[in-house]
Amino acid sequence: MTFTEIAIKYADDILHKKIVSCLAVKQACKRFKSDLEAIENSDCPFDFNKEAVEEVCTFAESLILPDTKQPLKLLPWQVFVYANLYGFVYKKNPERRRFRKAFVFVARKNGKTAGLLYANCLYQFITENAAESYLISATGDQSEKSFKEVSQIIKANSDLDSVCDCWSNAITFDSSRLAFFSSETTALDSYRPNFACLDEFWNFATNKPLTAMAYGSRARTNGLVLIITTAGIGTESPCYTEYQKAKHILDGSLKDNTYFSLVYEFDEKDDWKDKNCLIKSNPSLGTFLKEENLISDLNSAIDTPSERPDYIAKTCNRFAFDNTSSWIDLAKWIQPETEIDYNELKDIPCYGGLDLSLVNDFTVFTLCWNKDGNFYFKHRFYVPEETLKEKFKTDNAQILEWVSNGIIEATPGNVIDYDFLIEDIRNDSEIFNIKEIAFDRWQSDLLIKKLDEALPEIIFIGYDQSIKNFFNPTKEFERLVYLNKIIDPNPVQKWMLGNACVKPLPNGMYKPMKKYKSSTAKIDGVITAIMALDRTEV
């Protein structure tokens, strides 16, 4: 079977529902079949070059993949992309290809990088005269990784290795050049690419690289700008705008015969928890992409709300519109019915977390012990006495009861009296084996100085409150919760845990936070618990 026949069969299988697919893929296949039928009409400006499809696909399958050390084997959906991009040409000038821009939207780990990105780059680089081919990644690290992987592919192919020179950040062949940039690169306007690929466009802050490459490629007979990406979290990125354009081309509301669109995604009415829909966004499913791996990710996202936006974006390939979600499912917060006997922990090294309050807010001091792989927590919560009535109304109706029961300490006045805190930490240090206390540096210099003078045997460590610093310990806290390794029956902590949400950044990092800044929901104990856990010896 020729590669053109593979592409046609793939389109037929989609349209005849032999392969489960989303609406956008059906539209792309219908467009392909309609365009093939239309070339028979004399007024159609396009023809189809089967030899060109064979050539590019044969070249792609001659490449050795760095990770497997095996030749690339194109899947039908990848052949479908090549058939569209290289098959359609102008009747009046068969050397001129139809498509000058392409948007391929597919979930992660489907082979888009090696199967489409690298193979396209190298083919255009080798076959075009005085080629300028550019691969643009979101970050410098990703760009460097791409360069290394393409260099490995070249070295694994004796024909390519004999004619190509791999330099520190570019590859040359005769008068052709293949270069690698990040999206932060500013001086892109002077380039005249015959081929440019924007990898993971969802992570680009602006559309300037796309605009620069598209304008520069106009000087080339067969200039092609290829966007290969998954969905992102949030809709503010230029990728979402391009995604909408691609969808409009597929549904026919926007006409552009030079723009190729292929969108693999869950349909709007699909439940993200439906494993039967995974094939819609993952066309490689059942080959090297194993269903059990995706189902494992699905189960993790069901159990861990913080993982859902990333799962929806990267596996379902749907833009996560509301990326604020609850963090820990309180049904998983399983705690012993009896109180902890802290006397049993007094000889075990423990580590603290300290979060000072705003003028009338909570101050929290938390201790953490690791005993036989279980992590025990002890909290001290402080509020100003004169704010109790207001907190009863706005924060939690149980606050007065918690104060009465000694779970929260109300200090005299309308601000926290830190002398109470200092004395309590001193008393705890006489009972427990406190090694370190991590603290939020914000407005804490004076208190930490007093504590350091009073308790020289304890190490006080300023703890960076950035999302980057909190991300890994936050994930570890999650993991331990779902393994029932967190022992913390304090009712105030459970309340604060239920208030904690996460809002992942585009890079997937997050930390617990309130749903919105003005919220009266409190999460201070969650923050100190993570700080203490992070310092605790495993």
Side-chain angles (χ1 to χ4, degrees), residues 327-355 357 362-383 385 388 391-392 395-411 416 420-438 455 458 473 476-500 512 521-538:
W327 180 38
I328 299 293
D329 182 357
L330 290 184
K332 304 292 184 180
W333 187 249
I334 301 172
Q335 296 299 323
E337 295 182 0
T338 58
E339 292 294 321
I340 299 172
D341 184 355
Y342 289 104
N343 287 323
E344 296 181 358
L345 304 173
K346 63 181 181 179
D347 295 326
I348 300 174
C350 67
Y351 298 78
L354 178 62
D355 184 33
S357 66
F362 275 84
T363 285
V364 184
F365 174 56
T366 295
L367 289 174
C368 176
W369 291 262
N370 178 3
K371 181 183 179 183
D372 301 327
N374 290 316
F375 292 82
Y376 293 78
F377 288 86
K378 181 179 187 295
H379 306 279
R380 290 188 180 276
F381 298 97
Y382 303 85
V383 293
E385 190 174 46
L388 282 179
K391 289 185 178 302
F392 173 82
D395 294 7
N396 191 309
Q398 293 180 279
I399 282 181
L400 295 179
E401 178 184 347
W402 288 334
V403 170
S404 177
N405 292 337
I407 300 173
I408 296 176
E409 183 167 354
T411 66
I416 296 293
F420 284 83
L421 173 63
I422 294 172
E423 186 61 25
D424 284 340
I425 294 177
R426 189 199 306 273
N427 291 337
D428 283 343
S429 71
E430 293 176 355
I431 300 171
F432 305 118
N433 186 12
I434 302 176
K435 296 295 186 181
E436 296 177 359
I437 295 177
L455 303 166
I458 297 176
E476 178 63 8
F477 190 92
E478 285 180 16
R479 187 184 74 85
L480 293 170
V481 168
Y482 291 114
L483 290 174
N484 296 326
K485 296 291 186 180
I486 298 290
I487 313 300
D488 189 354
N490 191 300
V492 181
Q493 180 70 345
K494 182 177 181 180
W495 165 57
M496 290 187 173
L497 195 69
N499 293 333
K522 307 304 177 187
I523 64 168
D524 310 82
V526 177
I527 299 300
T528 55
I530 291 173
M531 292 164 62
L533 175 67
D534 192 26
R535 302 306 306 175
T536 301
E537 293 181 354
V538 177

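Position 1 is the first residue of the sequence; numbering continues from there. No hydrogens, no waters, no symmetry mates; every other heavy atom, side chains included, goes into these values.
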Is any side-chain heavy atom of [X] closer than 4.5 Å to a side-chain heavy atom of [Y]?
| X | Y | result |
| --- | --- | --- |
| L421 | T363 | yes |
| Y482 | D329 | yes |
| S429 | I458 | yes |
| P473 | L533 | no |
| F375 | I487 | no |
| D534 | Y351 | no |
| V364 | Y382 | no |
| K378 | D428 | yes |

Nearest 0.5 angstrom please: [X] [atom1] to [Y] [atom2], how far?
| X | Y | atom1 | atom2 | answer |
| --- | --- | --- | --- | --- |
| C368 | R535 | SG | CZ | 12.0 Å |
| K522 | I399 | NZ | CD1 | 8.0 Å |
| I422 | L455 | CD1 | CG | 9.0 Å |
| I416 | E385 | CD1 | CD | 11.0 Å |
| Q493 | I523 | CD | CD1 | 10.5 Å |

**Request:** Please name all residues satisfying side chain to side chain contact (heavy atoms under 4.5 Å, CB included) with N484, sequence neighbours left out, ordered by chain then number.
**Result:** I334
**side chain to side chain contact (heavy atoms under 4.5 Å, CB included) partners of D341, counting only residues at least two apart** = N343, E344
Under the salt bridge (Lys or Arg N to Asp or Glu O under 4.0 Å) test, which residues partner [X], sequence neighbours left out?
| X | answer |
| --- | --- |
| E476 | R479 |
| K346 | none |
| D424 | R380 |
| E423 | R426 |

**Request:** Check each of N499, D355, I328, L497 against V526 using the side-chain contact (heavy atoms from CB on, under 4.5 Å) test, and report the only one that passes.
**Result:** L497
Which pair of heavy atoms, one from [X] and one from [Y], lies closest together, and at what distance?
| X | Y | result |
| --- | --- | --- |
| I527 | P512 | CD1-O, 3.9 Å |
| P489 | E339 | CG-OE1, 4.4 Å |
| K435 | P349 | CG-CB, 3.9 Å |

**Message:** Could you walk me through whether L367 and F432 satisfy the side chain to side chain contact (heavy atoms under 4.5 Å, CB included) test, starting with their C-alpha distance in whole Å, then the side-chain angles of each, then the deciding distance to 0.1 Å, before giving a yes or no?
**Reply:** CA-CA 10 Å; L367 289 174; F432 305 118; 4.0 Å; yes
**Asked** What side chain to side chain donor-acceptor pair (under 3.5 Å) pairs are there with at least one residue in residues 365-376, not counting sequence neighbours?
**Response** T366-H379, T366-T528
**Request:** Taking ring-ring contact (aromatic ring centres under 6.0 Å, His included) as the test, write out the residues that go with F477, two or more places apart.
**Result:** W327
**Pairs meeting criterion salt bridge (charged side-chain N to carboxylate O under 4.0 Å, His left out) with involvement of residues 482-497, two or more places apart** = none
Report, one line per pair, each donor and acceptor closer than 3.5 Å where one atom sits in a side chain of residues 400-411; sequence neighbours left out.
residue: N405; atom: ND2; partner: E401; partner atom: O; Å: 3.4
residue: T411; atom: OG1; partner: D417; partner atom: N; Å: 3.3

**Any donor-acceptor N/O pair, Q335 side chain to I486 backbone, under 3.5 Å** = yes
